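This is a predicted model, so every value here is computed, not measured.
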Amino acid sequence: MPDHSPVNSIPLEQVVAVGCAPLGDSYAAKSLADELGLTWLGLVKPKLVRDFPVLLMMDDQGLALQLTGKGAPGPVRAEFVTGKMGYRREHGGGTGQLVARAVGLQKTKAELHVLDATAGLGQDAFVLAGLGCKVTLFERNPVIHALLADGLARAALNAECAAVVQRMTLLTGNSVDWLRKAGTEVADVVYLDPMFPHRDKSALVKKEMQVFRQVVGDDDDSEQLLEAALAAARYRVVVKRPRKAPSVTGLEPATQVEGKSSRYDIYPLKALPS
């Protein structure tokens with residue numbers, strides 16, 4: 001059975017079950033439930049489920065995470081073709097985007113290899129790959145990893161997204177362990193976006209965050225992750241944080257790129273190639 005205890009105190013199999021909508025691929029959903037060691041509910045309506053706070057649902061659009069119960073927000077999925085990411089791909093602002101500036105794409109013409117050690121739904125990684133970076137992604141939570149794998153597979157079938165997805169490689173496992181074993185200069189830039197242990201309910205407005213809190217919890221090993229990243233990166237480490245949150249405990253960042261709701265702490269190791 002997979003290891004379901006990286007950060008959450010509650011075992012994942014008590015939080016998440018797998019279900020299928022009438023038009024979903026029930027065989028694929030059942031196989032995924034078996035692979036993850038999660039309860040298989042079969043055909044199900046999320047609002048009627050009471051035993052699990054979150055469902056991993058297979059519907060006609062692919063895989064999604066859905067909070068259960070009356071009044072729950074709509075499903076969350078890794079989506080790169082349409083919606084917010086589709087618009088961002090077409091009108092995102094190129095290397096002027098905050099994450100691109102933080103990684104240093106305005107300062108170099110080289111094709112950078114970025115290791116996204118906390119990939120989540122892969123949005124920042126997709127932006128960087130769309131700007132020409134080679135991106136290696138890690139997502140240690142098996143449910144979020146499954147969502148991301150599904151989103152990338154669907155995007156690979158789209159003519160406008162296929163070339164971007166080809167520059168992205170999703171790996172399994174814990175990035176902290178991988179970085180510690182990988183040696184030095186295994187990627188040009190290591191990018192981190194750990195879950196911040198913030199308890200203010202106003203910070204949970206987005207439905208993505210509501211689901212992530214249930215499934216992932218907080219990344220309580222952010223300090224160890226930063227330490228491992230600094231030992232493995234060639235040029236810099238970038239850490240995404242809520243705008244008013246403290247930096248990750250340890251070395252202070254040399255500089256920051258700040259937006260309206262978030263900021264990027266930059267830990268340079270040596271100058272980027274011109």
Residues which pass side chain to side chain donor-acceptor pair (under 3.5 Å) with Arg101, listed by chain and number, not counting sequence neighbours: none
Transitive ILVMFWY side-chain link Ile266 to Tyr191, under 4.5 Å: yes
Set of salt bridge (charged side-chain N to carboxylate O under 4.0 Å, His left out) partners for Arg234, sequence neighbours left out: Glu185, Asp188
N/O donor-acceptor pair under 3.5 Å between Arg243 side chain and Lys260 backbone: yes
Gln97 side chain to Gly94 backbone, donor-acceptor under 3.5 Å: yes
Qualifying ring-ring contact (aromatic ring centres under 6.0 Å, His included) pairs with a residue from residues 136-163, counting only residues at least two apart or across chains: Phe138-Trp178
Counterpart residues, salt bridge (charged side-chain N to carboxylate O under 4.0 Å, His left out), relative to Asp116 (two or more places apart): none
Ser26 side chain to Cys20 backbone, donor-acceptor under 3.5 Å: no
Side chain to side chain contact (heavy atoms under 4.5 Å, CB included) involving Pro46 - partner list, sequence neighbours excluded: Leu55, Met57, Gln66
List, one per line, each side-chain donor-acceptor pair under 3.5 Å for residues 125-137, sequence neighbours excluded.
residue	atom	partner	partner atom	Å
Thr136	OG1	His113	NE2	2.8

Residue pair Leu192, Val248: steps toward the side-chain contact (heavy atoms from CB on, under 4.5 Å) verdict: CA-CA 11 Å; Leu192 312 175; Val248 174; over 6 Å; no
Any residue meeting side chain to side chain donor-acceptor pair (under 3.5 Å) with Ser247, in chain and number order, not counting sequence neighbours: Arg263, Asp265
Under 3.5 Å: donor-acceptor pair, side chain of Glu139, backbone of Gly120: yes
Rounded distance (nearest 0.5 Å) linking atom CG of Leu36 with atom OG1 of Thr39: 11.5 Å
Residue pairs passing the salt bridge (Lys or Arg N to Asp or Glu O under 4.0 Å) test where at least one lies in residues 40-69, sequence neighbours excluded: Asp59-Arg77
Side-chain donor/acceptor of Ser222 to backbone N/O of Pro194, under 3.5 Å: no
Contacts of type salt bridge (charged side-chain N to carboxylate O under 4.0 Å, His left out), residue Lys30, not counting sequence neighbours: Asp34
ILVMFWY cluster, Leu225 and Leu171 together (side-chain gap under 4.5 Å): yes
Side chain to side chain contact (heavy atoms under 4.5 Å, CB included) partner of Leu105, chosen from Leu272, Thr95, Val99: Thr95
Partner set under ring pair (Phe, Tyr, Trp, His ring centres under 6.0 Å) for Tyr235, not counting sequence neighbours: none
Asn158 side chain to Cys161 backbone, donor-acceptor under 3.5 Å: yes
Partners meeting salt bridge (charged side-chain N to carboxylate O under 4.0 Å, His left out) with Lys240 (sequence neighbours left out): Asp124
Listed once per pair and sorted, the salt bridge (Lys or Arg N to Asp or Glu O under 4.0 Å) pairs that draw on residues 144-154, sequence neighbours left out: Glu79-Arg154, Asp150-Arg154
